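Data first, discussion second: the structure below is written as C-alpha cells.
Lettering of chains follows the sequences in order, A, B, ..., and the numbering in each one begins at 1. This structure is a prediction, so every number in the text was calculated from the model and none was measured.
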There are 6 protein chains.
Amino acid sequence: MNESVLIEAINEGDEFVGYYALKRCELKETDGLFRLELELSDKTGSLPAVVWNDAKELREQIEKGSVVKVKGLLGSYRDKPQVRIEKIRPAEEGEYDPDSFLKSTPKNIDDLKAQIESFIGSLSDPFIKELADSIFGKAKFMEEFTRSPGGKRWHHPYLGGLLEHTVGVTGLCDFAAGQHPELNRDLLIIAALLHDVGKIREFTVSTIIDYSDEGRLEGHIVMGERFVRNMCDRIDNFPQKTKMLLSHLILSHQGQKSFSSPVEPMIPEGFVLYYADEIDSKLNALGRISDRTADEGGTWSEYVKLLGRMIYVGGE
Amino acid sequence: MNESVLIEAINEGDEFVGYYALKRCELKETDGLFRLELELSDKTGSLPAVVWNDAKELREQIEKGSVVKVKGLLGSYRDKPQVRIEKIRPAEEGEYDPDSFLKSTPKNIDDLKAQIESFIGSLSDPFIKELADSIFGKAKFMEEFTRSPGGKRWHHPYLGGLLEHTVGVTGLCDFAAGQHPELNRDLLIIAALLHDVGKIREFTVSTIIDYSDEGRLEGHIVMGERFVRNMCDRIDNFPQKTKMLLSHLILSHQGQKSFSSPVEPMIPEGFVLYYADEIDSKLNALGRISDRTADEGGTWSEYVKLLGRMIYVGGE
Amino acid sequence: MNESVLIEAINEGDEFVGYYALKRCELKETDGLFRLELELSDKTGSLPAVVWNDAKELREQIEKGSVVKVKGLLGSYRDKPQVRIEKIRPAEEGEYDPDSFLKSTPKNIDDLKAQIESFIGSLSDPFIKELADSIFGKAKFMEEFTRSPGGKRWHHPYLGGLLEHTVGVTGLCDFAAGQHPELNRDLLIIAALLHDVGKIREFTVSTIIDYSDEGRLEGHIVMGERFVRNMCDRIDNFPQKTKMLLSHLILSHQGQKSFSSPVEPMIPEGFVLYYADEIDSKLNALGRISDRTADEGGTWSEYVKLLGRMIYVGGE
Amino acid sequence: MNESVLIEAINEGDEFVGYYALKRCELKETDGLFRLELELSDKTGSLPAVVWNDAKELREQIEKGSVVKVKGLLGSYRDKPQVRIEKIRPAEEGEYDPDSFLKSTPKNIDDLKAQIESFIGSLSDPFIKELADSIFGKAKFMEEFTRSPGGKRWHHPYLGGLLEHTVGVTGLCDFAAGQHPELNRDLLIIAALLHDVGKIREFTVSTIIDYSDEGRLEGHIVMGERFVRNMCDRIDNFPQKTKMLLSHLILSHQGQKSFSSPVEPMIPEGFVLYYADEIDSKLNALGRISDRTADEGGTWSEYVKLLGRMIYVGGE
Amino acid sequence: MNESVLIEAINEGDEFVGYYALKRCELKETDGLFRLELELSDKTGSLPAVVWNDAKELREQIEKGSVVKVKGLLGSYRDKPQVRIEKIRPAEEGEYDPDSFLKSTPKNIDDLKAQIESFIGSLSDPFIKELADSIFGKAKFMEEFTRSPGGKRWHHPYLGGLLEHTVGVTGLCDFAAGQHPELNRDLLIIAALLHDVGKIREFTVSTIIDYSDEGRLEGHIVMGERFVRNMCDRIDNFPQKTKMLLSHLILSHQGQKSFSSPVEPMIPEGFVLYYADEIDSKLNALGRISDRTADEGGTWSEYVKLLGRMIYVGGE
Amino acid sequence: MNESVLIEAINEGDEFVGYYALKRCELKETDGLFRLELELSDKTGSLPAVVWNDAKELREQIEKGSVVKVKGLLGSYRDKPQVRIEKIRPAEEGEYDPDSFLKSTPKNIDDLKAQIESFIGSLSDPFIKELADSIFGKAKFMEEFTRSPGGKRWHHPYLGGLLEHTVGVTGLCDFAAGQHPELNRDLLIIAALLHDVGKIREFTVSTIIDYSDEGRLEGHIVMGERFVRNMCDRIDNFPQKTKMLLSHLILSHQGQKSFSSPVEPMIPEGFVLYYADEIDSKLNALGRISDRTADEGGTWSEYVKLLGRMIYVGGE
C-alpha cells in the first residue's frame with residue numbers, strides 16, 4: 001500500500017499525492033462543453049475538484065465511490081478552496097487502504113454488541129427470543145449490521161452508526177417499559193432492536209456512504225419490515241398476532257405519514273418507539289452541529305434547514 | 001331457507017321478521033347501565049336498533065358481522081326511524097341466504113374478468129407476463145379478487161368493487177401509455193392490475209365489509225407489495241430491477257406520503273398510476289354521492305367531509 | 001354529612017338522592033324558551049340532566065362547579081340515559097363530603113413526592129439546587145403542586161396528575177442524561193421538574209377541574225415561566241445564563257410553535273424534554289383510552305380526534 | 001295581510017298560526033320512509049319542524065325559501081324545542097308581509113349611503129371617478145347593493161350588510177392611505193368600494209339568504225371582478241394599467257390562495273385591503289358571538305370552529 | 001440576414017459572433033457600482049454574460065427580450081462557462097432570423113390542429129359546438145393558440161406547447177368520458193380544449209418566453225375564463241347553466257385553491273379535467289428532466305424542487 | 001475623529017481607507033485551512049471581504065459588531081464586488097464616529113414622541129394611564145425605546161424603527177376604536193403602545209443590529225409581556241383583569257401560534273392589534289422592497305421569500 005496525504009493535512013498552496021474516494025462524480029454539460037465535478041474524500045474530510053480535460057473519457061472509467069490516485073495542488077479562490085488536478089487516474093485494488101475512507105462510531109463496538117446481546121438475553125417470550133437469535137445470531141448479519149451507518153448525513157453517518165443508534169433507542173425503550181408496566185416489553189425491545197434494520201440495504205457502503213437505488217425507491221421502513229417478516233415466517237408457529245404487531249411497529253416507527261411511515265402508531269409501544277428514535281437521532285445530529293459550531297468559535301450554529309432554526313451552543 | 005323482509009321494504013309502523021347482518025354491535029356503558037347498539041343490514045339498506053334487556057348476555061353471543069333473527073317493529077321518533085326489537089337471537093347457518101347481505105358491482109363480472117385477461121394477453125415482457133399468469137391464473141386467487149370490495153365506504157364498497165376499479169384504472173393507464181410511448185407499458189399495466197391487490201386482505205368480507213386488524217395496522221399498500229414481491233420471488237431469474245420498480249409503483253400509488261404511501265412516485269409510470277387511481281376512485285365516489293342527492297331531490301349534496309366541499313348535481 | 005348515591009351505582013329506573021358537582025351548567029335559549037343543561041358528577045362518573053322549570057331563576061343560584069342536592073330518576077330514551085330531576089337546590093357546605101367529587105392519581109402520593117425529593121437531592125449546581133429548594137421546599141406550594149391535575153381531559157386529568165406526570169418526565173430525562181453525558185443534567189432535571197408548573201394556575205380545581213380565565217388567555221407555558229423566573233430573581237447572583245436557558249426550556253417544552261410554544265427547542269436539553277413530555281403524556285392518555293375500550297369489550301377504540309386515528313387494544 | 005305570531009314570541013306549549021319562510025326544506029329517506037325536515041323562520045328567529053305525512057307530495061309544492069302557512073304547537077323533547085305541525089300549506093302572495101322574514105343592518109342606511117358618496121366625491125383620478133359614478137350612480141345597482149347581505153352566516157348576514165361592510169373597509173383604507181402617502185389612494189378607495197360587489201349575485205335574497213348556484217360554482221371574487229371589468233370596458237380610454245391593478249386588487253382581496261383568492265397581493269394596496277377586510281368582517285362576527293354569549297350569561301363563547309378557539313366576553 | 005454561431009456550437013475558448021436574444025437583462029448595483037447581467041439565448045441553449053463597461057448606458061438601449069449582436073469569447077472559470085463580451089450592440093430588424101430564438105414542439109403542428117378539429121367535430125350540443133367554432137374557427141386566434149407555449153419553464157415551455165398540451169389533456173378526457181357515460185362529454189371536451197386558453201396572454205412570446213404583467217397579476221385561470229365567458233355572451237341564447245358550468249370548469253381546473261383555483265371542482269367533470277391536466281403536464285416535465293439527466297449519464301436527476309424529490313431514470 | 005470613505009462612495013478600482021463595523025465576522029475552516037469572512041458596513045451600505053492571512057489570530061481580536069480600520073481596494077470578479085484588504089486592525093474608541101454605522105428612521109423623532117404622548121394623554125382609565133406614565137415617563141426607558149429598531153432586516157430595521165412602528169400601529173388601532181365603539185379603547189391603545197416593547201432587549205444595537213441570545217431563546221413577545229407585567233405589579237391595586245387582558249394582548253399580538261404567539265387572540269381588541277401590526281410592518285417592508293427594485297429600474301422585485309411572491313412596482 002502506498003502513502004496518501006490525509007485531506008485534513010492539506011493546506012492552501014500544498015502540492016500533494018494520494019488516494020481518495022469520490023463522493024461526487026458528475027459530468028456536467030453546458031452548451032456543449034463538458035466538465036467533471038468531483039469531491040475527493042477520505043475519513044478526515046473532503047475537497048472539491050473540477051476536471052476539464054477529457055472529462056467524458058475519464059467519466060467512463062470512474063464513478064461515485066471510485067478510488068482515484070490524484071496529484072494536485074490546493075488552490076483557493078475567494079472563499080472556497082479547490083483542488084487543481086495535475087494528474088488523475090483510477091486506482092487499483094491493493095494500491096490503497098480500503099479502510100481509510102470512512103469514519104467509524106466513536107463508541108466501542110464490542111461494548112455496543114454486548115448491549116445488544118444483553119437486551120436479547122432479557123427477552124422472555126420464546127418466539128420473540130427465537131426471532132432475535134435467528135437474526136442477531138448470524139455472523140454474516142452481524143457483520144453487516146455492525147458496519148452499517150445510521151444515515152447518510154443527518155444522524156450517525158458513519159460505520160457502526162446503526163449499531164450505536166440501535167443500542168441508544170433500545171435503552172430508552174427499556175427504561176420506558178420499566179416505568180410503564182402496561183407496555184409489552186418484549187415486543188417493544190425486539191421492535192427497537194430491528195426498527196432500522198432496513199438501513200443495511202438502504203445504504204451502500206463501500207468507500208463512501210450513499211443511498212442504493214432500492215433504498216430510495218422503497219425506503220428502509222418497508223425493506224426492514226420485509227426482512228423481519230420473512231425471518232418470522234421461518235419460525236414454526238410464530239404467532240400471527242406478534243407478527244402483525246411487530247410489522248406495525250417497524251412500519252409506524254417514524255411516527256407520522258409525512259415522515260414516511262405508511263401507518264401511524266396505533267399501540268402504546270409504537271408511540272414510545274417513535275419518540276425514543278427521535279431523541280436518539282436528534283441528539284446525535286445536534287452533537288455534530290454543536291461540535292462544528294464550537295470549532296469555528298461560534299455560539300450559534302448556522303441555520304439548520306431540517307430543523308428550521310439555529311442551535312445555541314453557548315450553554316457552557 | 002326462511003323468508004326475510006327486505007330492509008328497503010319495511011315502512012314505519014310495520015312489524016317484520018327477518019335475518020339481518022350486524023354492521024354494528026357495540027356494548028355501551030354509561031354509569032353502570034349497559035345497552036347494545038346494533039345496525040341491522042341486508043343488501044338493500046340498514047336500520048339502527050338498540051337492545052336494553054340482557055345486553056351483556058346477548059353481546060357474548062353475537063358480534064359485528066353476526067347474522068341475527070329479529071322480530072321487530074319500525075318505530076320512529078322525531079327525525080330518525082328506529083327498530084323496536086321484540087325478539088332477537090343469533091341465526092344458524094342454513095336458516096338464511098348468505099348472499100342476501102352484500103351488494104355487488106353493477107357491472108358484468110365476466111366482462112370485467114375478460115378485460116383483465118385481455119390486458120394480461122397484451123403484455124410482452126416474458127417475466128411480467130409470467131408474473132401476471134402466476135397470480136391471475138390461480139382460480140383461488142381469482143375467486144377472492146373477484147369478490148373483494150374496493151373499499152369500505154368511499155369508493156367501490158361492494159362485492160366485485162376491486163375488480164371493477166382495477167379494470168378502470170388499468171384502462172386509463174393503457175390509454176396514457178398509448179399517448180406517451182416513453183412510458184414502460186408492461187410495467188405500468190402490471191402495476192395497475194396489482195396496485196390494490198392488498199385490499200383482498202385489508203378487508204374482511206363475510207356478511208358485512210369491514211377492516212381486518214392487519215388491514216388497519218399494516219395497510220393494503222404494504223400488504224399488497226408483500227404479496228406481489230413474494231410472487232416475483234417464486235419466478236426464476238425474475239429481474240431485480242423489475243422487482244424493484246414494481247414494488248416502487250405499488251408502494252407509491254397513493255401519490256403522497258400523507259395519503260399513506262411510504263415513498264412518492266419517482267418514475268413517470270408512478271405519476272400516471274396515481275392520477276389514474278384518483279380519477280377512477282373519485283368518479284365512483286361522486287357517482288354514489290350524486291345518486292343519493294338526486295334521489296332526495298336536491299341539486300347540492302350534503303357537505304362531503306373527505307372532499308371539503310359540497311357536490312353540484314344540478315348539471316342535468 | 002349526608003348520604004349520597006354514587007353515580008356509578010345508579011341504574012336505569014332507579015330513583016336516587018345525592019349531592020353532585022356540576023360539570024356543566026348552561027342556560028340555553030331557543031326562541032325565547034329557556035332551559036338549564038346540567039351535568040351531575042362525582043368521582044365515579046357523570047350524568048346529563050335538563051331543567052325546564054324556572055331555569056333562569058335556578059341559574060342565578062348555581063353555576064359550573066356548584067354542588068347541588070338532587071332528587072331524581074334515571075330515565076333513558078333510545079341510546080342515552082338522562083336524569084329526570086324531581087327536586088334540585090344548591091347544597092350548603094357541611095352537607096356533603098367535598099372530597100367526593102374528584103378522582104385522584106392511582107399512584108402513591110408519598111412515593112411520588114419522595115422521587116421529586118430524590119431528583120432535587122441529586123442536583124449539583126448550587127444555584128439550581130437553591131432554586132429547587134426555594135420552590136419545592138415550601139409547604140404551601142407543595143400542597144398545590146400535589147393536588148393539581150395534569151390536564152382537564154387528555155392526560156393525567158385527576159388530583160395528583162401534575163405530580164405523577166412530573167415524576168414520569170423527569171425520570172425519562174434523568175435516564176437520557178445518563179446515556180448522553182454531553183447534556184447538562186442539572187439544567188435538564190430542574191426544567192423537567194418545573195416544566196408544567198404553570199398548570200397549578202391554568203386549572204381551577206374545586207369540585208371539578210376547569211380552565212381558569214388566565215389559563216386560557218395566557219396559557220400554562222407563559223404562566224409557569226413567569227413563576228420560575230420570579231423565583232430565580234429572588235436568589236442572589238443567580239446566573240443570567242442559567243435563568244435564560246431555564247426560561248428557554250420551559251417556553252419551548254411543547255416542542256413546536258403550533259403546540260403553543262413561543263420558541264422551539266434550540267438546545268439539546270430542549271429536545272429531550274419535549275419528547276419525554278410526549279412519551280409520558282401520550283402513555284397516560286392511551287392508558288385511559290385502552291381501559292375504556294377494553295371495558296366495552298372492543299379491540300379497537302373509537303376514533304380519537306386528537307390523534308387522528310383509532311387505537312388497537314387487542315394486543316393482549 | 002294576515003296576522004302571524006313572531007317566532008321569538010312562541011313559548012313551549014303554545015299553539016300558534018303564522019306565515020314563515022323555509023330556511024331548510026329537505027326530503028330525507030331512510031330505508032324507504034320519507035320525511036320532510038323544515039326550518040321555519042322569520043326575522044326574529046327560527047324553529048325546526050318535521051313533516052311525516054305526505055312528505056313527498058308536500059315537497060313538490062314547496063322548497064327552501066318558500067313561505068308556508070303553519071298551524072302548529074311548540075313541543076319539546078329533552079334538550080330541543082320542535083314544532084308539531086298540525087296544518088301546513090304554501091302561502092300565497094298577498095297573504096303575508098314579505099319584509100317580515102329578514103333582519104336588516106342596525107346602522108342607518110342613509111348615513112351609510114352618504115359615506116359611500118363622500119368617498120366617491122373624494123376621488124381625484126377622472127377615470128376612477130367615472131367608474132365609480134357609472135356604478136354607484138345607477139339607482140337599480142344601488143338598490144341591490146343596499147339590500148345585499150355581507151354573508152350568509154359569518155359576517156354581516158343581514159339586509160344592508162354589504163353596504164355596512166363596504167363603508168367599514170373603505171374607512172380603514174382611507175385612514176391607512178392618510179398614514180402612508182406612498183399608497184395610491186384612488187386605486188385603494190375604488191377597490192375597497194367594489195371589493196365585495198360580487199356578493200350581490202353570490203347570494204340570493206328573497207325570504208331567506210342563501211348561496212346561488214353560480215355563487216358556489218364561481219365565487220364572489222371572480223363574479224365581482226367580472227362585473228367591474230365590464231364596467232371599465234364601457235368607459236372610453238380607461239387606462240389598461242388601472243384596469244389591471246383594479247382586477248388584481250379585487251382578485252387578491254382575500255389575501256391568500258387558501259382563502260379563495262386566485263392571486264395573492266403583489267402591490268401594497270392589496271395588503272391594506274386584505275387586512276382592512278379582515279378587521280371589519282372579524283369584528284362584526286365577533287360582535288354577534290359576544291352578544292349571543294352574553295345573553296346566555298357566559299364569559300366564554302362556545303368553540304368557534306372557523307376561528308379554532310373560544311372567545312372571551314368577560315372583559316367587562 | 002447574417003450568420004450567427006449557434007449557442008450549442010460554441011466551445012470553451014471559441015471566439016464567436018452572433019445574434020442572441022436576452023433572456024435576462026438586469027442592471028445590478030452594489031454600493032454605487034453598476035453592471036449588466038445578461039443571458040444570451042437562441043433555440044439551442046443559453047450562456048451567461050456580464051457587461052461592466054457603460055452598463056447604465058447600454059441598459060437604456062436594451063431590455064429582456066431584445067436581440068443583440070455580440071462578439072465574444074467563451075471563457076470559463078471554475079465550474080461555470082461565461083462569455084467575455086468584446087463588442088455588443090442592439091441588433092436591428094432584418095439583420096437576424098426572428099425564428100432562431102425559440103424552440104418548438106417536437107410534435108407535428110398540423111396533426112395537432114387536426115386533432116383539435118376532430119374533437120370539435122365530435123361535439124353534439126349545438127351551443128357548445130357553436131362556441132368552439134366561434135373560437136377555434138378564427139384564423140387570428142388559431143395563430144396565437146398555435147404559437148403559445150404551455151409554460152415558461154416547467155411544462156411545454158416552447159412554441160406550440162399550449163396546442164400540444166391541449167390535445168393531450170383533451171384526449172385523456174375523451175377516453176374517460178368513454179369509460180364513464182355519466183360524464184357530460186361535450187362539456188368536458190370543450191372545457192379541456194379551453195382550460196389553458198388564458199396562457200395566450202399570460203405569457204409574452206417574442207424572442208423569449210416570459211410572464212406578462214397581467215399574467216402575474218391576474219393569472220391565466222381568470223384571464224381564460226374571462227375570454228371564454230365573453231365568447232359565450234356573443235352567442236344568442238347560450239344557456240346560462242352551460243355558461244356557469246364551463247366557467248366553473250375553467251376556474252377549478254387546477255384542482256386546489258393552493259394551486260391558484262379560486263373554486264375547487266364540484267362536478268365530476270372537474271375532477272377528470274384536473275387529473276388529466278396533471279398527467280399531461282407532469283409527463284412533459286418529467287420527460288425533459290429525464291432527458292437532461294440521461295444526457296449527463298446519471299440514473300438519478302438532481303433534486304426537483306417543485307416535486308420535492310429526485311427522479312429515477314435508470315429504468316432502462 | 002478621522003476621515004472615513006463612505007461605502008456608497010467606493011467604486012470599483014478605488015483604493016480607500018476607513019472605519020467600518022463588522023456585520024459578519026466568521027472564521028471558516030475547510031480541511032484545516034482558515035479564513036475570516038467579513039462584511040464591512042456603515043450606514044450607507046456594506047461590502048464583503050475575506051481575510052486569509054493570520055485569520056485565526058485576527059479573529060481573537062475582533063467579532064461581529066467590532067469596528068475595524070481598513071485599507072483596501074474594491075476589486076470585482078465576475079458578478080460580485082469584493083474588497084481586497086491591504087491592512088486591517090481593530091479600531092479604538094475615539095478614532096471614529098460611533099453614529100456613522102446605523103441608519104435612522106426617516107421620520108421626525110420629536111413628532112413621533114409627541115404622538116406617543118398624545119395617545120397617552122387620551123387615555124381615561126386611571127390605572128392604564130398610570131401604567132403608561134410609569135413606563136413612557138422614564139427618561140432612560142424613552143431613550144432606549146426611541147433608539148430601538150423595529151427589526152433586524154424585515155421591517156423598520158433602523159434606529160427609531162420601534163418608535164415609528166409603534167406610532168403607526170397605535171394610530172390604526174385608534175381609528176378602529178373610533179369606528180367600533182364596542183372596543184375597549186384604553187386597553188387597545190396601551191397594548192398597541194407596548195406590543196413590541198420586548199424588542200428593546202430582543203436586539204442588541206451597537207454599531208450593528210443583531211439578535212441578543214435571550215432575544216432568540218425567549219423571543220420579544222414573552223420578554224415584552226414580562227416587562228409590562230412587572231410594571232403593572234408595581235402599581236397599587238392594578239386590576240387583575242386588566243393585567244390579564246393586557247398580557248393576553250401582548251402575547252397574542254402576532255395573531256397565530258405559527259407566528260410565535262403562544263396564545264391566539266380571544267378578544268376583539270386582539271384581532272385589531274394583530275391586523276394593525278400586519279399593515280404597518282408589511283407596508284414598511286414593501287416600501288423598502290419597492291425602493292430597491294425601482295432603483296435598479298425594474299417593475300418586478302426579486303422573489304421575496306418571506307412573502308412567497310414577487311412584488312409589482314410598476315404601478316407608477
For this session: For residues F/I221 and C/P262, determine if any side-chain heavy atom of one lies less than 4.5 Å from a side-chain heavy atom of the other.
Result: no
For this session: Inspect the surroundings of NZ in F/K23 and state if more than 12 heavy atoms from other residues, nucleotides or ligands are less than 6.0 Å away.
Result: no
Exercise. Is it true that atom CZ of C/R201 has more than 12 heavy atoms of other residues, nucleotides or ligands lying nearer than 6.0 Å?
Worked result: no
Out of curiosity, [X] [atom1] to [Y] [atom2], how far, rounded to the nearest 0.5 Å?
X	Y	atom1	atom2	answer
F/R216	C/M244	CZ	CE	11.5 Å
C/S258	F/Q256	OG	CD	11.5 Å
F/D213	C/Q240	CG	CD	12.0 Å

For this session: Could you tell me which non-hydrogen atom of C/S247 sits nearest to which non-hydrogen atom of F/R226, and how far apart they are?
Result: OG-NH2, 3.8 Å
Exercise. Can you say whether C/E264 sits under 4.5 Å from chain F via the side chain, the backbone, both, or neither, judging by heavy atoms?
Worked result: neither
Exercise. Under a 4.5 Å heavy-atom cutoff, which of C/H248, C/Q254, C/E214 has the most pairs with chain F?
Worked result: C/H248
For this session: For chain C, find which of F/L249, F/V263, F/L217 contributes the most heavy-atom pairs closer than 4.5 angstrom.
Result: F/L217
Problem set entry | Residue among F/K243, F/R229, F/M266 with most heavy-atom pairs under 4.5 Å to chain C | F/R229
